[in-house]
Structure formats: C-alpha cells, structure tokens
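Lettering of chains follows the sequences in order, A, B, ..., and the numbering in each one begins at 1. If you're wondering where the values come from, they're calculated on a predicted model, not measured in any experiment.
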Amino acid sequence: MSSNHKRLSMGGRIDREQPVEFTFDGRSLIGYRGDTLASALLANGVTLVGRSFKYHRPRGIFSAGPEEPNALVTLATAGKREPNLPATTLELADGIVAESQNRWPSLAFDVQSVSGLFAPFLSAGFYYKTFMGPTRRAWMFYEHFIRKAAGLGRAGSDPDPDRYDISQAFADVAIVGGGPAGLSAARAAAAAGARVALIEQDFLLGGQLLAEPSDSAAAAWLRQAEAELESSETVTLMKRTTAFGIYDGNVIGLVEQRDPTNPQLAGEARQTFTMLRARSIVFATGAIERPMVFSNNDRPGVMLASAARTYLNRFAVLPGKKIIVATTNDSAWRAVFDLADAGADVTVADLRAAPPAALAAEAARLGVVVRAGTHIVDLRGGHAVRRATLNGPDGQSEASCDLVCVSGGWSPTVHLTSHLGVKPQYHDDIGGFVPGAFPADRFGAGSMMGNYSTAGAIEDGHRAGTEAASFCGKSAPAPTPSKLDLGETATALLFEIPSVGRGKAFVDFQMDVTTGDVELAHREGYESVEHLKRYTTLGMGTDQGKTSNFAALASMATLRNATIPETGATTFRPPYTAVALGALAGRAIGHHFKPIRRTPMDGWHMANGAEMLEVGLWMRPYFYRQSGLDVNEAYVAEMRSVRQAAGLMDISTLGKIDVQGPDAAIFLDRIYANGFAKLPVGRARYGVMLRDDGIVFDDGTTTRLAENRFFMTTSTAKAADVLSRLEFLLDTAWPDLRVAVTSVSDEWAAMSVAGPKSRAILSAAFPALDVSDAALAHMGLLESEWQGRALRILRLSYSGERAYEIYVGATAGEQLWTHLLEAGRPFDLKPYGVEALGALRVEKGHVAGPEIDGRTTLDDLGLGRMAGKRTGFVGDVLRRRPAFQAPDRQRLVGLECIEEGKRLRGGAILFLPDEKPYGHGHGRVTSVTFSPERGHYVGLALLAGDVASEGSEVVAVYPMKAETVRARIVSPVFLDSQGERLHG
Amino acid sequence: MLRIECPCCGLRDHDEFRYGGDASVMRPAHDDPDPQAWYRYVYIRANPAGLHREFWQHVIGCRQWLVVERDTRNHAIASVELARQLSARKSPARKPPA
Ligand SMILES: [Zn+2]
C-alpha cells in the first residue's frame, strides 16, 4: 500500500513540506514534521505495534499521550538501545529506528502467543502461590522460562553514549500543564507580575485544544495565548518537559527532551533534569480518558475516542473507515461527529438508555447510526479488529468495523498532586477522583479538578493563576481572559461494567490484568485496592496504570457490592513517567561522580613516579615506583630509608584549624580528654577527643602559637567532622566562651621530614634558622618565613624517629618540597607514601583509623592515662560507665607472627590455640605491617582482655583466604619503647 | 527536598546543610558529673509525629548552627533560628570559670 494512505490531504498540525524518514521493525517509512511516531505509524496503516507483557497478545496504538499502555517501542541507535518508550509521545525526527518489543521470531508471528504455553501460569497470584512458602524451590526451575516469556523491551548493556545535563531553576509560579487551564493560569499569573514557568510534556502547547480542528476558533485562541506568553519576559515556556515528581519545598522534578528536529542541538544533552523550585504551583494536568471493559478489548484497532479525534484533527490521520464508537458519556460524541464529518462510516453504541436528544439529532444529520442502551460484548480480529458483538435492547447483533473507539468517561490526572500526600477524593457528580484540599501554596485548575468544559477550564485557570501569583505577593490586576466556548455538554456518566464475552477482558493492558484476575483476587480475599494491586500487579507497569486504575477499581467495587470511595484509591508515587537514570546522574559520572582533592604537591607526585591512592576525596601518594616493584616491596624500602636516613612525606591532607580567643585554652581543655590549659606558648601536644558517649572521636596535635591562639591538626578523615563539632559546641553548648574556630586546611601545605638525618636536612634547607635541639626541642615550634610565605616547623614524630612537620603557605608547597629534596640529597632523603607511613606507625604502636573506629574508648586503646583523673571534658562521664570496664572488653594489643614465612592480615579473627575457629572469636587484627626491624609481620589487634595476656599465643584466622596463622601477644610498641630515636 | 530559610543566607536547599540531631534535649553542663543526665542527653529521644526541633548546620554557607522546627509528618518548616542566639538567651553571657 502507498505511503501515508491514511493521511488526509488537508488540515492537521503537520508540515507536509517537511517529510521525515524513519524505520519501524526494519521497514522504511515516511512521516511529517509535527508527527509523533504513533501518528506516523497510523498514517502508514501500521496497526500492530507490539506484543503484550505476559500473554504476548497483539497490541496496537491505544492513546495519543503519555498514558499509552500498549504501543511501547525500543529506539535503537548506534551503541544504544532505549526500551519501553511510548510511541505516542515520541516526536518524529529523521533517522529514528524503532523496534517493536516482546515478540519472537517476529511481531506478526509470535511463538508464545500461538502456543499460549505459559498462560495458565500467569494468572493473578501465581507468583505468590508458586514461589513463596514451601514451594519456593520451584522458582529455580521456572525462572528461566518465565523471564524469557514475560517482559517488555530489552535495554542495551553498553555505556550510554548520550550526554545529560542537570539544571537548577526558580520561579514564583510553576504551572504544570499547557492546556486551556494552564495557559490561562500562566497569562493571569504573568499579568499579576509573577515569574512563571509553564511546563508541558508535549512539543506543542494546547493540551486538548490540539484535538480541535486546526482552523477552528479553538486554534485561534491557542495561537493568541501562545503569542502572548512567548512575548512575555517573565514567562518561561518549557515544552517537551515532563514534571515527573513533586517534592518537599515545592520542588518539581522536570525532565526535558532535546528538540530532536533541530539539527543545531545535535550533540547537546539528550535530556536535561531540572529541579524547579517554585513558590507556588498550579496543577493543570488535565484528565485521561478511560477504556471500556469487554472481551478482547485489547485488540489492535481499539483506541480511546479522544485519541481518535486527536489523530484526526492534529495529525490529519483517519485511523478507520468503518468505526464503532462505544461510550458511556457525551464527550465521545465529539469524536463521532468529527470522524463522520471526515467521511468515516460511524456507529455509536452508547451504554445509556437515552443519550441527549441534541447529540442524536446531530448524529442523524451526519448519517451516524445511534444504538442507545448498547455496549460491546466481544471483538474479533487478530492483528486488526474486524467484527464486534453488540448487546442492546434488541439482543445481540454483529457489526463489522476496522476501528473501535471507546470512552468510559474521564479520570482527572491526580498523580502529581498525590506525590506530597494530597489524597484524591471521589466526586459523584463527575464520577471520578479529584485532589482533596491543597495546602496554601498549591492550586488546581481545569479538568484535573473535574472542570471538563473548555470555557470552565479557562476561567478556572485564570482564577488559579491569579491566586498562585497572589500567594507570592504579586497581585497586579490581570485582564479577564478571552473566552472560548466549545459547547461541550456535561458529561453525564454511567459507570458500570456490563456483561463481557468469553474472551479475556482487560483492565490493565500493559500488565495483562483481566477482569478474571480481579475476580480471583476478590475470591481469595485480596479486596482492598492496595492488596488488589500487589496480587494482580495492576498498575505496576511503566504507565503506572494511567488508563487502568479506574476500571479495576470499578470492577472490584461491583464484586464487593461497594461504592467506589468505599473501595478506595491507590497511592501514586514519582515518577509520573519513566525517567532515564542518565538524566538524574547528569554529568556526575565517571571522574565527575565526586570531586577530587589534590594537595599542593600533587603535580610533583604525578611527575615523579608516585602510585596514587584515593583516600576519601583526596589523592595521596601510595608509594613511589622507584622504591620497589610493587607496593609490598616499595613500602618496606621506604620504611628502611626513614629509619636509616630520612624520608619526606606529603601530609597536607591533615585537617588544620585555627583556634583563637580569650577562652581558647579553656575550650581546648573541654574538648580534649587531656589537658591543654597549661600548655606553654611555643609547644605542641598530642590530644585525643571523645564523643559525648565516651567513645574516641579523633586525635591530633595542637600547638599553642600565642596565649590566645592555637593551631590544631586533625586526622585527614575527620577534618570536616571535627570542625563542625567544635562549631556545634560553641554555638549550642558554650556560647559564653569567647572562641572562634576557622578551617585553615587549604591555606597550608604540609610535609614531614622523618629520620635520623632530618635535623641535618633542615639545617641545610634553612641555613638562616636555628634548628638545634636547644632552639627546637621535641614538641617544639619554630615560626618563620620562607620565600615570603609563612613557615611553621613543629618537631613531632609519628614514625618514632626524630621528625619535623613543616607547614608553608599552600602556594609555595611544591617549591619547598623540591627545595627540601634538593637539600636532603646528600643525606639520602627519599619521598615515601601512605603505605610506609601506616607501616611506620604500626611498628611504633600508634593507633589510627582502624583502631579509632567509632567503637573504642581511651582505655581500649591503652590511652586511659592521658585523661588520668581529669573531669569536665566531653565524654568524661560516659567513658567511665561500667560496661566499658567489663573484663571481656576488647583492648589494644600487639601481635607478632611466629610462623616462618607466613603473614598477618588486617581483619583476621582471633581465637585461642585449642579452640575451634567458629563465630566472632575474641577479637580481630586491625593493622599489620612487615617489620624490617623485627624481620617478620607484626600487627595491632583488639582482643578481649579476659582470654589471654602478653606472652601467650593466639590464632589469627582469615576465612577469605582460608589462612590460619599463630601469633604471640606482645606490647603494641615494637620499636624503641624508651623513645630514644626521637632524639637520635 | 527540604528548603531551609537560613537567617543569614536566605532560603537554601537542604544539601547545603548538615543534620545535627535532636535540639529538644538539654545538654548537661560540661562539668555535670551525673551519668543519668548524660545518658538521657545522649540516648533518650522522643519520636514525635508533628513538630520536631532539630539542629542543622549551614555547612556550605555561613556555617551557623540553626534550630529548625520541622513537622515530621509533612516536612513543613515552622521556624528557623540561630542556635547561638537561642543558647545565649538561655545562659546569658558570664565570665567563664578560669
Ligand atoms: Zn547560612
């Protein structure tokens, strides 16, 4: 057949001058600019577009909007497959390659549909009954077959080649929906002086007005409204944008599709996720037409009446020549008249005994056959409808057809308003749910409030727009809206589900839920809506049951002999339509997933063989490749160089806090477990902070720079937490203390020179400074300048060797680093990384992150003497609670491996030598290193105090590698217990 | 997303803030030796359906600690105050112990 043989020669909102080539299941087709994929398929006579989820039944195009349950396709482009897209919302653009879904080997001939092989397994409750409880093992057997049989499209597995963006937006008034009510609300709110964002999921504004003929008064009204809004500087028109969720704080989640027809936008973000913060929101989301329930109501060629009218008037497609319109209400008659006017042979089957006389008269004028009190019982036709069985006052009859239009009334689109908890309420007069009471900053207008006439929607929108602007304090007088009366009659609705034929009658097309499933759920006691939903999977498809909810609800209400409000409504949750995960991620992927922090010496590390390690957000040198072939070889070499000569380490990542004020010493006395008030100016002290519950929080050194000024360092990991904690105590607990704390972490580059030759290196590097032991004793401070930048040298040791921490203004960090290396060359100074740093501190028995793990106390870590008998500091009282003194409390011990050629591992579980290794053991290894000093592996461990003591043996079990190794409990200080090397 | 009206910086998204726990519990004086008082402060929490006073810090902003009154049922924020002002009102400035 010829291309576009169902397309009318005139009318519509398509551009016949701009043909668009696309492919569907390998077939090349032509549509026009302004088409959706669905309208272009219909224009080309394609009625069969997919197979259903469970039963593989043939399906066609059912709607003309985002409510589409059937016509889901996969878009396949180079390197990418995007499944489950409604053809009804896909804007047609050159080069679209679409595929039907869930069929094998082909759409027209599907094996599973023919065999009906799995149908008996797939009724409601099948999963529950078969796979829960004692028969759960059956799942193992069935899973493979069911996964293959039931499902929709298949996603690609390659990385997404497309780009996405995230944007932040603000408005006084956000208006969701660009139909007559939304347009009117936008005009009113803008005229009142508000900044307006108008959100429309379609690529055209107008909503239901787009279903009106393109030369009608409605079209003229729409043109004027659109021109007015486009020229307004305070209105942002957001087309191709779906509001998929409403969140706290009037934040609206939006996803905008790139205009696929604009070649200049190729390469731009395919979708943009926008968080729109609005001071008030007008919901003008419209209504969705309901299907009718009868046997085989899912056949291709069954379509919502309003959709048929949209395809006719907006897309100039006449989807059928011999049409039966089945309705319960007046609205479908507008489709009847337009379809008849376009030349179709139309029969109306109105369930009502006496449709309004005016409608019947107009029908008679157009030669439409009217059958009152009549409904469809059954349909025949495989890939397209052929015959309908009608049931009316005169009994059953047959009628041939090539299109069946249905209208079971309308359901206001209350999904978004429900997201923040506004419960839908049933209104008898419209036979549907509308939102309940809104909070003061949200408004509803038009058919989503049950106000179905165009004239009414325009008035309602004007009111809502005015009120929403007024909520934002914008109330300049707005001119009354220009009127538009389309003469719709009130929708006198009759809702019941009449008798159906023997074939399946669907209530949820996408999830393949039938009236039989609802009956089964009812029989088995799943009567509440929420149970019905879970038992039958009703409304759980990608369409969220937009067309199905009401039919199922009415069906259950009938079975229960209850009213609709007694049966209840389900809860809607975001997203309203499917959102690509890529859009939510935006550009925060790969390297951009989180920020990377680099120290001032990062460039040098990268250029000089450092293997880098991510530590939180920081990049730190792990080891230097010139030290060894791999990390194990390198860290031992780097340790040796520190112990025998000297090493240089980048410690810029330490948290650094400037503490100032007349009460600074008192403050430090309260936040550290050990005292600081008596610390002399020019001296540093190691300090430990506790949490209120008595657990160790962090450790570091603090130096008294002046009477009222201290320089605190924290661990790299806790830098932000410590600062925040100090601010908390000053703001909330002790506002009387005159202290200010400021982070200076990024202001200073920091490096440590450690090893017996460190003093000689400092002398060489800073010839003008006196770094003798007399001038700079252990725990001493020297302040100076270097190259015009502030310089602080602290004599502190972490490794157990004589060592100095050198702080310099951050911008001079790399310069000083290379200067030190240069000065240290004659003394064999070598850089070392965090692995060697960790190993050195383990050998010296210093605790760090693995021991200060949020569960250990000062006593557990052997640091109880630091607090001594002090009181009045944070954590003081609860650290002394009896449970922390229990004899089985796990305390810090040292371990040394006593098996030749074996190693200890962090995380190993500790047992007694004669015990079966089972359960949690008596403790665990926290940190390990090979000790060049000892010639074997040593480690720190937390071990229950009542099972073993120093000198006895334990077994360290590492189940991950099936390793068991004997170790001896020793003092955690493996090296120089007298601390002589600090002065060496 | 919660939006919090910082008294210093204005209305901001909650991801600029850090949650700091229940602000309705009274912290004992730093030198209060009573374990029961500290136990109650650290561990005992009401779980109201309704208004809840809680600490938030504007970490990516002015860094002030705030006391926010939030309705746990709908996240509506009834009030936001500077914690320092509130606590200073409770314990007026005095010469701290030496
Ligand atoms: Zn602030």
Worksheet, complete the sentence: Of all heavy-atom pairs linking A:Pro574 and A:Gly245, the shortest is CB-CA, 4.1 Å

Item to complete: Of all the heavy-atom pairs spanning B:Arg3 and A:Phe170, show the shortest one and how long it is.
Response: NH2-CE2, 3.7 Å

Given heavy-atom pairs under 4.5 angstrom as the criterion, report whether the side chain, backbone, both or neither of [X] touches chain B.
X: A:Arg725; result: side chain
X: A:Leu730; result: both
X: A:Arg881; result: side chain
X: A:Asp721; result: both
X: A:Thr732; result: both

Who among [options] has the most heavy-atom pairs with chain B under 4.5 Å?
options: A:Leu723, A:Val877, A:Leu878; value: A:Val877
options: A:Thr871, A:Asp669, A:Asn250, A:Asp693; value: A:Asp693
options: A:Val251, A:Asp876, A:Leu420; value: A:Val251

Where on [X] is there a heavy atom nearer than 4.5 Å to chain A: the side chain, the backbone, both, or neither?
X: B:Arg73; value: neither
X: B:Pro33; value: backbone
X: B:Gln85; value: neither

Discussion item. If I take atom NE2 from residue B:His75 and atom CZ from residue B:Arg70, how far apart are they, to the nearest 0.5 angstrom?
Written reply: 6.0 Å

Fill in: Check: A:Phe728 ring centroid to B:Phe55 ring centroid under 6.0 Å
yes

Can [X] and [Y] be counted as having a side-chain donor-acceptor contact under 3.5 angstrom?
X: B:Trp56; Y: B:Glu54; value: yes
X: A:Asp698; Y: A:Ser715; value: yes
X: A:Asp859; Y: A:Thr857; value: no

Worksheet item: Among B:Ile4, B:Val67, B:Asp13, B:Leu2, who wins on heavy-atom pairs under 4.5 Å with chain A?
Response: B:Asp13

Worksheet entry | Ring-face cation contact, A:Phe873 with A:Arg670, 6.0 Å cut, 45° max | no

